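Order of the sequence lines sets the chain letters (A, B, ...), proteins ahead of strands, with each chain counted from 1. Every heavy atom of this structure was used, including side-chain atoms; hydrogens, water molecules and symmetry mates were not. Only a predicted model underlies this, so the values are computations on that prediction, with no experimental measurement involved.
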There are 2 protein chains.
Amino acid sequence: MTRRQAPSQRDVAELAGVSSQTVSRVVNNRTNVDASTRERVLSAMHVLGYWTNGAARALATGQSRSFGVISFDLSAHGNARTIEAIAAAAADADYSVNIVGISAPTEEAVQRAYTRLTSQAVDGVVLIEARILDTATVHLPTGVPVVIADGDPGRSFPAVDINQAAGARSATRHLLDLGHQTVWHVAGPRDSHAALRRAAAWHATLKDAGRTVPPLLFGDWSADSGLEAGRSLAAREDVTAVFAANDHMALGIIRALHEAGRSVPGDVSIVGFDNVREASCFLPPLTTIHQDFEAVGRRCVELLLHQMAGEGSGGPTPGTLATIMPRLVERASTGPPPGP
Amino acid sequence: MTRRQAPSQRDVAELAGVSSQTVSRVVNNRTNVDASTRERVLSAMHVLGYWTNGAARALATGQSRSFGVISFDLSAHGNARTIEAIAAAAADADYSVNIVGISAPTEEAVQRAYTRLTSQAVDGVVLIEARILDTATVHLPTGVPVVIADGDPGRSFPAVDINQAAGARSATRHLLDLGHQTVWHVAGPRDSHAALRRAAAWHATLKDAGRTVPPLLFGDWSADSGLEAGRSLAAREDVTAVFAANDHMALGIIRALHEAGRSVPGDVSIVGFDNVREASCFLPPLTTIHQDFEAVGRRCVELLLHQMAGEGSGGPTPGTLATIMPRLVERASTGPPPGP
DNA sequence: TCCGCCGGGCCTGGGGCCAAG
DNA sequence: TCTTGGCCCCAGGCCCGGCGG
């Protein structure tokens, strides 16, 4: 069979016996079309199976009704949840979402991604800047609204930010309040904004409380890296409390502790970060910091829409920061330190 | 500040003192441009910060160099991994990926999503049809290549399919081979293709082996639903082997068993499905069926590209089926049944 | 004269074809 | 033969003008 050519407004116009301009009006729900004319056009559209050509409309209007999302590691839990929320919020505003993944955390890769997106004529971009780039500032070609999620809020773009410090602080405080002398920390990778901010807040909280701060361990977010860190933790008698920078590493740590015959929370308490959906079914159920990824996604598109609206009318918001607060959810992996 | 208008080929042409046609040639890397002319054009492009307008190009060429992906539940583990792989494979072929989520498993929702995508002028669509639609056949407007992933391979579209039956069979057989009299199954939701196919294969395997088949339990993929199913399983003395339709439900089941004082795998063996990255850190490390989501994603874009290439030249592949084989990975959650 | 409905012409940014230098 | 420019087309949208009541 031969490839069926998509019908154009002209075809519809011809069949309905009107001008293509009238068809355009009907398509865009203009009021100044006679009811019977609209009816004829509509049925002609239906007969022909007409659907509006997005490329042509985008060209004519200068708007594509789509947003771009740039992200590392699309399948990482937090990113996947955030993207899902962005897609949902965008759909509500009748926008679609164009995803591009980044393999290496270099500015060049971000540039390429941005380029790919602008060549798709997106109306806005959200950059999920989970990793630190190799240069201090991304220099994005201007012209398209940008929002940064999960990145360095010090940038000159509007950003939506989960308050990592508050989350890490409440995790650490929770453990201290339980009576632990100090708390160990297994951080995420060194090139992660979130990891660094959590580690810094853990450090500060310990300092403020006048506690000694134990050496910092690093993982890569994976359960396996948590397992490894957990093994070195398990080798020391003096650790009674650990704050893991995410739930999966916490899982690995728990397994390591378990293998070493230390009980959780009897001998050592653990708190994670993320509140992964299955955290309540860990053994033991994990105390962790809940992050509201859905809110992040929603705020991202709100900020984008807001920038687009403000454009030209002395637009506001060149540096806005929307902060989402995480919260502690207590389950069974934490308790008082073992008696002497 | 006023909104800077994006420069066009015409602007570049003017600055470089050539025709816009020549600029077009340079942009598209045509060979028939004099080196010095190309140089002038290139530098003019650079000065102006020119970038090609995707909408205009799409209109002129009829190709947008982007694919659409329709999926339920973007953040579900398997879907997220598949989408990531699609995005990567698409990027390799210099395509970008337009995501649209579906909330309800109705054909109407799929139609809307498809409509949204075609209005974005995508060159192909992959439908991750994890849920069963409310009508037997999706009737997609023709004109754009479609590939179905993770859905009903009986459709008239090319599909890439993980062999769910083979996976479920090897899970069940593994348990039987270990000496268990029969194996219980906690299935995914009733409206899931994958869940149904796994359950059917479990059933058939038991029948073939002449075993009694215990009542089927249903969950919804979540760990919490696994917990619930696990509790009813734990209430019966005679269950020694359980095949869970995914790893997260397996986690919930393990927790339920643990709470009931039954050991895994001492008293009851468990195998999951997915091979989630952290499965090796469960307590105990989970025996499960590995699914190669990356392969699925890659094959999807291969099939799309293939359809696009075959178009017109007596195109082949109107019903192709690419099958990906899952495999059992043995860890510590399975063993022989307890002695009498 | 004003208003509701409709069509003509031109514009969006680029690409293909063809002829000319 | 190789380079280059003119012209028209892609599919729609907007401005403006016209027609009729």
Could you tell me the separation between the [atom1] atom of [X] and the [atom2] atom of [N], rounded to a whole number of Å?
X: Tyr50(A); N: dA11(D); atom1: OH; atom2: C1'; answer: 7 Å
X: Asp11(B); N: dG13(C); atom1: CG; atom2: P; answer: 8 Å
X: Arg57(B); N: dA11(D); atom1: CZ; atom2: P; answer: 18 Å
X: Trp51(B); N: dG14(C); atom1: CH2; atom2: C1'; answer: 14 Å
X: Met45(B); N: dG13(C); atom1: CE; atom2: P; answer: 16 Å
X: Asn29(A); N: dG13(D); atom1: CG; atom2: P; answer: 12 Å
X: Gln120(A); N: dG13(C); atom1: CD; atom2: C1'; answer: 15 Å
X: Gln9(A); N: dC10(D); atom1: CD; atom2: P; answer: 13 Å

If you count heavy atoms of other groups shown closer than 6.0 angstrom to CD of Gln21(B), is the number above 12?
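Yes, enclosed.
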Got a sec: does the CD of Glu14(A) have more than 12 other heavy atoms crowding it under 6.0 Å?
no
Just how far is it from atom CG of Asn32(B) to atom OG1 of Thr22(B), taken to the nearest 0.5 Å?
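That separation rounds to 9.0 Å.
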Please determine whether a side-chain nitrogen or oxygen atom of [X] lies at a distance below 4.0 Å from atom OP1 or OP2 of [N].
X: Ser24(A); N: dG13(D); answer: yes
X: Asn53(B); N: dT12(C); answer: no
X: Thr37(A); N: dC6(C); answer: yes
X: Arg10(B); N: dT12(C); answer: yes

Do Arg40(B) side-chain atoms and Ala16(B) backbone N/O form a donor-acceptor pair below 3.5 Å?
yes
Asn29(A) versus Arg38(A), side-chain donor and acceptor atoms under 3.5 Å:
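Judged by distance alone, the side chains do not pair up.
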Just by distance, no angles: are the side chains of Ser66(A) and Asn98(A) close enough, under 3.5 Å, to form a donor-acceptor pair?
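Side-chain D/A pair, Ser66(A) to Asn98(A): absent.
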Please give me every residue in residues 12-23 of chain B whose heavy atoms get under 4.0 Å of an atom in DNA chain C, ordered by residue number.
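Heavy-atom cutoff 4.0 Å gives Gln21(B).
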Within the 4.0 Å heavy-atom criterion, would you say Arg25(B) contacts the bases, only the backbone, or no part of the nucleic acid?
base
Looking for any heavy atom pair under 4.0 Å, which part of the strands does Arg30(B) touch: base, sugar-phosphate only, or nothing?
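It contacts sugar-phosphate atoms only.
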Closest to side chain of Asn32(B), choosing from dT12(C), dG15(C), dT3(D):
dT3(D)
Proximity to the side chain of Asp34(B) - top-ranked nucleotide from dA11(D), dG13(C), dT4(D)
dT4(D)
Flag the pair Val126(B) / Val146(B) as yes when at least one side-chain heavy-atom distance between them is below 4.5 Å, and no otherwise.
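Val126(B) does not reach Val146(B) side chain to side chain.
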Identify, between Leu59(A) and Ala35(B), the residue whose nearest nucleotide on DNA chain D lies closer to the 5' end.
Ala35(B)
For the helix from dC2(C)-dG21(D) to dG21(C)-dC2(D), what angle lies between the axis at the first five pairs and the axis at the last five pairs, to 10 degrees?
50°
For the pair [X] and [Y], find out whether any cationic side-chain nitrogen is under 4.0 Å from an anionic carboxylate oxygen.
X: Glu84(B); Y: Arg81(B); answer: no
X: Asp94(A); Y: Arg116(B); answer: yes
X: Arg112(B); Y: Glu108(B); answer: yes

